[in-house]
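Heads up: the structure comes next, in structure tokens.
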Amino acid sequence: MPDAPSDPTCIFCKIGTGQIPCHKLYEDETVLAFLDIGPLSHGHCLIIPKGHYVTIDQMPPEAVTACTRLLPGLSRAVVAATGCKGWNILQNNGKIAGQAVDHLHFHIIPRTAGDNLGYRWPAGKLDPAQAKVLVEEITRAL
Ligand code: 5GP
Ligand code: ZN
């Protein structure tokens, strides 16, 4: 993408420009998909924009679209290659949310029975009064 930001110190920018190698799955002028070097499961891969954006709120919608449009096809390919029965698509924003690499990325994490990865967060209960305030605040900010 023309004028996309870059950070010469960023490991994923370096992967995006080919300065650091990766096990590449797909590339075009705006995005790259490659295997995660520390896989949580067999076939764990990442999609990154070539532009340096830390979190999704910083991205122009076209850059998000360039990444997310790969999700159906890459998911099908990962399922075909690994035989996984399900998969998680994960995208962490900020350290508190588990983001370790400060260049936005989508994970595709294949799941199999008994993989012990887990994924059950304790659900709360939406309070109607809080919901009313939240709807007002979020829609005002939108
Ligand atoms: P995060 O926790 O930021 O959502 O995930 C970062 C992911 O990037 C981790 O799953 C980690 O294994 C992967 N990763 C970090 N450095 C590299 C690298 O140099 N090459 C590849 N292929 N993956 C990396
Ligand atoms: Zn970067």
Side-chain angles (χ1 to χ4, degrees), residues 1-127 130-142:
M1 211 162 274
D3 304 328
S6 71
D7 176 349
T9 68
C10 167
I11 189 137
F12 282 3
C13 283
K14 289 181 184 172
I15 290 175
T17 56
Q19 294 169 74
I20 289 181
C22 68
H23 296 279
K24 192 187 300 180
L25 299 169
Y26 174 83
E27 181 174 27
D28 62 30
E29 65 277 8
T30 50
V31 301
L32 183 66
F34 53 97
L35 295 179
D36 192 296
I37 206 168
L40 297 174
S41 62
H42 186 57
H44 182 176
C45 55
L46 302 172
I47 299 171
I48 65 167
K50 287 192 174 171
H52 180 83
Y53 308 99
V54 179
T55 50
I56 202 160
D57 54 308
Q58 299 179 355
M59 291 178 77
E62 319 81 74
V64 178
T65 304
C67 292
T68 56
R69 62 187 287 281
L70 291 186
L71 288 169
L74 189 54
S75 293
R76 281 194 297 274
V78 168
V79 169
T82 67
C84 70
K85 300 294 181 222
W87 62 101
N88 292 113
I89 290 170
L90 180 66
Q91 194 274 304
N92 298 324
N93 295 279
K95 272 194 183 20
I96 197 155
Q99 184 174 13
V101 176
D102 283 342
H103 178 128
L104 182 131
H105 47 282
F106 290 87
H107 298 256
I108 296 180
I109 305 169
R111 301 301 303 267
T112 50
D115 62 18
N116 286 322
L117 288 178
Y119 199 75
R120 194 157 289 274
W121 292 344
K125 193 168 186 316
L126 186 62
D127 172 73
Q130 272 183 0
K132 190 170 179 298
V133 174
L134 271 174
V135 167
E136 281 166 11
E137 289 175 343
I138 294 171
T139 54
R140 197 182 316 126
L142 201 58

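Both ligands and their constituent atoms are indexed starting at 1 by order of listing.
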Show me the short polar-atom pairs for ligand 1: any N or O of it lying under 3.5 Å from a protein N or O, with distances only.
| unit_1 | atom_1 | unit_2 | atom_2 | d |
| --- | --- | --- | --- | --- |
| ligand 1 | 2 (O) | Gly98 | O | 2.9 |
| ligand 1 | 2 (O) | Ala100 | N | 3.3 |
| ligand 1 | 3 (O) | Ala100 | N | 2.6 |
| ligand 1 | 3 (O) | Val101 | N | 2.9 |
| ligand 1 | 3 (O) | His105 | NE2 | 2.9 |
| ligand 1 | 4 (O) | Asn92 | ND2 | 3.0 |
| ligand 1 | 4 (O) | His105 | NE2 | 2.8 |
| ligand 1 | 4 (O) | His107 | NE2 | 2.8 |
| ligand 1 | 5 (O) | His105 | NE2 | 3.0 |
| ligand 1 | 5 (O) | His107 | NE2 | 3.3 |
| ligand 1 | 10 (O) | Asp36 | OD1 | 3.2 |
| ligand 1 | 10 (O) | Asp36 | OD2 | 2.4 |
| ligand 1 | 12 (O) | Asp36 | OD1 | 2.5 |
| ligand 1 | 12 (O) | Gly38 | N | 3.4 |
| ligand 1 | 22 (N) | Leu35 | O | 2.9 |
| ligand 1 | 22 (N) | Ile37 | N | 3.3 |
| ligand 1 | 23 (N) | Ile37 | N | 3.2 |

* Electrostatic pair Lys95-Asp102, nearest N-O below 4.0 angstrom -> yes
Atom name of the N, O or S atom of His52 nearest to the Zn ion (ligand 2) is ND1
Checklist entry - For Ile15 and Phe34, what are the C-alpha separation, side-chain angles and deciding distance, and is it a side-chain contact (heavy atoms from CB on, under 4.5 Å)? => result CA-CA 9 Å; Ile15 290 175; Phe34 53 97; 4.1 Å; yes
Of all the N, O or S atoms in His103, the one nearest to the Zn ion (ligand 2) is ND1
Which of His23, His107, His105 passes ring pair (Phe, Tyr, Trp, His ring centres under 6.0 Å) with His44? Answer is His107
*Would His103 and Ile11 satisfy side-chain contact (heavy atoms from CB on, under 4.5 Å), going step by step from the backbone distance to the final call?*
CA-CA 8 Å; His103 178 128; Ile11 189 137; over 6 Å; no
### Message
Quick one, Tyr119 and Asn88 - any side-chain contact, counting heavy atoms below 4.5 Å?
### Response
yes
Exercise for the section: Look at the side chain of Ser41 and the backbone N and O of Pro110, then say whether any donor-acceptor pair between them is shorter than 3.5 Å. Expected result: yes
Notebook entry, point to check: Side chain of Gln99, backbone of Val54: donor and acceptor closer than 3.5 Å?
Noted result: yes
